[in-house]
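Remarks on the structure that follows.
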Amino acid sequence: MNTVDVTSQWDTDRVMTLPNVLSFIRLLAVGVFGWLILAEHDVAAVVLLAVSGATDWLDGFLARKLNQRTELGAKLDPVADRLYILMAIIALAVRDIVPLWFLIVLIARDVMLLLLVPSLRRSGVVALEVNRVGKAATMALLLAIPLILLASPSALDFRAAGWVGWPLGVAGAALYWWAGIIYLHQTISLSRQRRQGPGVTT
């Protein structure tokens with residue numbers, strides 16, 4: 001079972017490092033991203049999402065290059081990714097570009113994860129490590145969102161983008177839930193270990 005090791009040695013415990021500042025900027029831009037979609041500034045929204053993806057890579061690169069890896073930074077990136085995905089899907093649903101069921105499927109998964117937090121805290125775990133399935137889901141959804149947007153008749157009406165975007169979106173949603181089930185299983189295993197006492201593994 002993979003969990004975040006709270007005893008890991010980070011390069012620094014400083015909050016205002018350059019990589020963390022880039023992560024904070026990404027978080028602050030989530031609202032702007034949502035507004036751009038709602039205001040039908042679709043090309044600008046896609047550009048902002050691309051810039052966000054570039055800064056996501058850049059802050060990780062700088063953290064390693066400058067020896068500024070922090071526990072906070074490791075938590076900010078997946079949070080930012082989830083917020084961009086949820087903001088985009090909500091805005092696209094408001095514009096009737098994606099169906100309501102697609103929004104419900106993604107939100108329900110994150111609600112499930114939120115409900116796991118108290119159990120994780122009781123087990124002494126701050127957060128579960130992002131697994132490979134979760135990373136694949138995030139990548140698929142972040143690629144699907146701009147393609148679905150640009151394929152919409154209310155945007156650029158570039159239909160070919162939808163031929164790629166929708167299969168990616170559905171696959172991403174399935175992977176999103178697959179990753180969620182893995183997190184649920186890990187949380188249940190930790191809870192069982194806590195009840196059985198130290199030295200017992202499952």
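Every heavy atom of this structure was used, including side-chain atoms; hydrogens, water molecules and symmetry mates were not.
For the residue pair Asp59 and Ser23, a side-chain donor N or O sits within less than 3.5 Å of a side-chain acceptor on the partner.
The aromatic rings of Trp166 and Phe102 stand perpendicular to each other, their planes meeting at an angle above 60°, with 30° marking the opposite boundary.
Contact record, Ile181 with Met112: N-CE, 4.3 Å, taken as the closest heavy-atom pair. Contact record, Ile37 with Ala88: CD1-CA, 4.0 Å, taken as the closest heavy-atom pair. The shortest heavy-atom contact between Ala137 and Gly172 is CB-O, 3.6 Å. Contact between Leu49 and Pro146 at its shortest, heavy atoms only, is CD2-CD, 3.7 Å. Between Val98 and Ile89 the shortest heavy-atom distance is CG2-O, 3.8 Å. The two residues Arg109 and Ala179 come nearest to each other via the heavy atoms NH2-CB, 3.8 Å.
Rounded to the nearest 0.5 angstrom, Ser152 OG and Glu40 CD are separated by 8.5 Å. Rounding to the nearest 0.5 Å gives a distance of 11.5 Å between CD1 of Ile182 and CZ of Arg132. In this structure, CD1 in Ile188 is found 8.0 Å from CG in Leu116, a value given to the nearest 0.5 Å. Here Asp81 contributes atom CG and Lys135 contributes atom NZ; the two are 11.0 Å apart, rounded to the nearest 0.5 Å. Atom CZ of Arg194 is separated from atom CZ of Arg122 by 5.5 Å, given to the nearest 0.5 angstrom. How far CG of Leu175 is from CG of Leu168: 10.0 Å, rounded to the nearest 0.5 Å.
Looking at residues two or more places apart in sequence or on another chain, you find a side-chain contact (heavy atoms from CB on, under 4.5 Å) between Trp163 and Ala160. Listed by chain and residue number, nothing satisfies the salt bridge (Lys or Arg N to Asp or Glu O under 4.0 Å) test with Arg121 (two or more places apart in sequence, or in another chain).
For the pair Met16 and Asn20, the minimum side-chain heavy-atom distance is 4.5 Å or more. Side-chain atoms of Leu92 and Ile145, non-hydrogen and from C-beta on, do get closer than 4.5 Å to each other. Between Arg159 and Pro153 the shortest side-chain heavy-atom distance falls below 4.5 Å. The closest side-chain heavy-atom distance from Leu156 to Asp42 is not below 4.5 Å.
Within the 3.5 Å criterion, the main-chain N or O of Ala91 finds no donor-acceptor partner in the side chain of Arg95. At least one donor-acceptor pair under 3.5 Å links the side chain of Thr138 to the backbone N or O of Gly134. Looking only at distances, a side-chain donor or acceptor of Tyr84 sits under 3.5 Å from a matching main-chain atom of Arg26.
A side chain to side chain contact (heavy atoms under 4.5 Å, CB included) with Ile107 is found for exactly one of Ile104, Asp110, Leu103, Val105, namely Leu103.
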- Task: Given side-chain contact (heavy atoms from CB on, under 4.5 Å), test Leu141 with Leu106 step by step and report yes or no.
- Result: CA-CA 10 Å; Leu141 289 169; Leu106 296 182; 4.2 Å; yes

Show the numbers, then the answer: is there a salt bridge (charged side-chain N to carboxylate O under 4.0 Å, His left out) between Asp77 and Arg82? CA-CA 9 Å; Asp77 286 341; Arg82 286 179 185 172; over 6 Å; no

task: For side-chain contact (heavy atoms from CB on, under 4.5 Å), just list the numbers for Thr187 and Leu128, CA-CA rounded to whole Å, side-chain angles, deciding distance to a tenth of an Å, and then say yes or no.
output: CA-CA 8 Å; Thr187 303; Leu128 292 170; 3.6 Å; yes

Check against side-chain contact (heavy atoms from CB on, under 4.5 Å), Ile25 and Thr55: CA-CA 9 Å; Ile25 292 173; Thr55 57; over 6 Å; no

*asked:* Before you tell me yes or no, could you show the steps for Ser52 and Phe33 under side-chain contact (heavy atoms from CB on, under 4.5 Å), namely the whole-Å CA-CA distance, both residues' side-chain angles and the distance that decides it to 0.1 Å?
replied: CA-CA 10 Å; Ser52 171; Phe33 175 61; over 6 Å; no

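Residue Leu143 is not grouped with residue Leu48 when hydrophobic side chains (ILVMFWY) are merged at heavy-atom distances under 4.5 angstrom, including chains of intermediate members. Tracing side-chain contacts under 4.5 Å through hydrophobic residues (I, L, V, M, F, W, Y), one reaches Leu115 starting from Tyr176; they form part of the same cluster. Leu100 and Ile97 fall within a single hydrophobic cluster, where Ile, Leu, Val, Met, Phe, Trp and Tyr are joined by side-chain heavy atoms under 4.5 Å apart, directly or via other members. Note on Leu22: it does not cluster hydrophobically with Val30, by side-chain heavy-atom contacts below 4.5 Å among ILVMFWY residues. Note: the hydrophobic cluster containing Leu36 does not contain Leu147 (ILVMFWY, side chain heavy atoms under 4.5 Å, direct or indirect links).
Aromatic rings of Tyr183 and Trp177 (six-membered ring for Trp) have centroids beyond the 6.0 Å cut-off, not under it.
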